[in-house]
Amino acid sequence: MKIDIQQYKNIVILTGAGVSAASGIRTYRGKDGVWKEFDVQEYGHVDRLRDKPERIWQLFGPLRTQLVTATPNNAHYSLARIESNLDSRQNFVLITQNVDGLHQRAGSGNIIELHGSILKTRCANPACTLLPFIDTEPHDNAVPTCPICSSVLRPDIVLFGEQIPAQQSWQSKRALRDCDLFISVGTSGTVSPASNFVRSAKYAGARTLYMNLEPMTPRNPEFMEEYIGRAEELLPVLFDISI
């Protein structure tokens, strides 16, 4: 089935790790996902910033190195093409759970980075005046410290045990409030708060689609349609896009 994007005025796309899989970026919950190798509480929880900050960098630092050579794939380019082909009466919001920056490199513009960016570093001290800054160093051998307050530095991402930043949360809710097409791509749909987005979209009267490599188990009845396959293959076909 082809999707005629011109029929919709307010389009919201939610993306997860499955969108970047074809670029060589590991998913988190798939068969060979990150959390199969690394314990979430030991390497991905905010508490480690206090007692074992090196664990955070040992997990996320190598991703920075990987992103030096990683390139966007057809899923990223398809979403960028959809956005660029819209007319002035249409709105497009891409909410991503990914922290790799590949959507931006593919050309997408209106992006909400729900979980932050792995390519930025900030101070772990919330009272510090240091602003987040672009940083591609992996820091997986030594924990960096803040030049202002000497606290540890951290990747500018949302760790387990942390809330989604208020601005990103508000922007997402505003987009979902008015959407008439909601598509979840490459995500299991089980991680809050993103797992609740489809409910908000359905309440707004949107057509809701689930696209992922594996079916949702149990299936979420809020999704009206389900498409199973690789994001980089599904998106160009469903939207009739030539990459």
At their closest point, which heavy atom of [X] faces which heavy atom of [Y], and how far apart are they?
{"X": "Cys128", "Y": "Cys123", "answer": "CB-SG, 3.7 Å"}
{"X": "Thr208", "Y": "Phe223", "answer": "OG1-CA, 3.4 Å"}
{"X": "Leu235", "Y": "Ala75", "answer": "CD1-O, 3.8 Å"}
{"X": "Gly44", "Y": "Leu159", "answer": "O-CB, 3.5 Å"}
{"X": "Tyr210", "Y": "Thr187", "answer": "CE1-O, 3.5 Å"}
{"X": "Arg177", "Y": "Ala204", "answer": "O-CB, 3.4 Å"}

Stepwise side chain to side chain contact (heavy atoms under 4.5 Å, CB included) test for Leu213 and Arg230: CA-CA 5 Å; Leu213 191 59; Arg230 299 180 183 278; 3.8 Å; yes
So, does [X] use its side chain to make a donor-acceptor pair with the main chain of [Y] at under 3.5 Å?
{"X": "Asp180", "Y": "Ala206", "answer": "no"}
{"X": "Ser20", "Y": "Ala17", "answer": "no"}
{"X": "Asn125", "Y": "Ser151", "answer": "no"}
{"X": "Gln168", "Y": "His115", "answer": "no"}
{"X": "Lys120", "Y": "Pro155", "answer": "no"}

Which distance, rounded to the nearest 0.5 Å, do you find between the [atom1] of [X] and the [atom2] of [Y]?
{"X": "Ser117", "Y": "Asp100", "atom1": "OG", "atom2": "CG", "answer": "8.5 Å"}
{"X": "Ile112", "Y": "Lys173", "atom1": "CD1", "atom2": "NZ", "answer": "12.0 Å"}
{"X": "Asp87", "Y": "Lys9", "atom1": "CG", "atom2": "NZ", "answer": "10.5 Å"}
{"X": "Thr65", "Y": "Asp140", "atom1": "OG1", "atom2": "CG", "answer": "6.0 Å"}
{"X": "Ile95", "Y": "Asn98", "atom1": "CD1", "atom2": "CG", "answer": "12.5 Å"}
{"X": "Ile164", "Y": "Gln171", "atom1": "CD1", "atom2": "CD", "answer": "12.0 Å"}

Identify whether [X] and [Y] are in the same connected component of the hydrophobic contact network (ILVMFWY, side-chain heavy atoms under 4.5 Å).
{"X": "Ile56", "Y": "Leu59", "value": "yes"}
{"X": "Val12", "Y": "Ile111", "value": "no"}
{"X": "Leu176", "Y": "Leu181", "value": "no"}
{"X": "Leu63", "Y": "Tyr43", "value": "yes"}
{"X": "Val46", "Y": "Ile118", "value": "yes"}

For [X] and [Y], does a side-chain donor sit closer than 3.5 Å to a side-chain acceptor?
{"X": "Asn73", "Y": "Ser23", "value": "yes"}
{"X": "Thr96", "Y": "Thr15", "value": "yes"}
{"X": "His76", "Y": "Thr71", "value": "no"}

Within 6.0 angstrom of Arg207 CZ, more than 12 heavy atoms from elsewhere: yes
Step-by-step side chain to side chain contact (heavy atoms under 4.5 Å, CB included) determination, Asn141 to Glu54: CA-CA 8 Å; Asn141 291 322; Glu54 69 277 4; over 6 Å; no
Result of checking Asn85, Leu234, Ile82, Asp4 against Phe239 for side-chain contact (heavy atoms from CB on, under 4.5 Å): Ile82
Identified side-chain contact (heavy atoms from CB on, under 4.5 Å) partner of Tyr227 from the options Asn212, Ile183, Leu238, Val185: Leu238
Is there a side-chain contact between [X] and [Y], using heavy atoms and a 4.5 Å cut-off?
{"X": "Leu209", "Y": "Ile3", "answer": "yes"}
{"X": "Ile11", "Y": "Glu83", "answer": "no"}
{"X": "His45", "Y": "Arg55", "answer": "no"}
{"X": "Glu232", "Y": "Val19", "answer": "no"}
{"X": "Leu102", "Y": "Ile25", "answer": "yes"}

Criterion salt bridge (Lys or Arg N to Asp or Glu O under 4.0 Å) on Arg64 and Asp135, from CA distance to verdict: CA-CA 9 Å; Arg64 288 182 168 178; Asp135 185 13; 3.1 Å; yes
Derivation of the side chain to side chain contact (heavy atoms under 4.5 Å, CB included) call for Ser184 and Phe197: CA-CA 9 Å; Ser184 173; Phe197 286 177; over 6 Å; no
Transitive ILVMFWY cluster of Ile148, excluding itself - 4.5 Å side-chain cut-off: Leu130, Phe133, Leu153
Under 4.5 Å side-chain linkage, directly or through intermediates, the cluster mates of Trp57: Val143, Val152
Test: Arg122 and Asp156 ion pair at under 4.0 Å: yes
Sequence neighbours excluded, every pair satisfying side chain to side chain donor-acceptor pair (under 3.5 Å) that has a member inside residues 193-206: none
Residues Gln104, Glu113; criterion side chain to side chain contact (heavy atoms under 4.5 Å, CB included); working and verdict: CA-CA 10 Å; Gln104 288 90 330; Glu113 290 183 305; 3.0 Å; yes
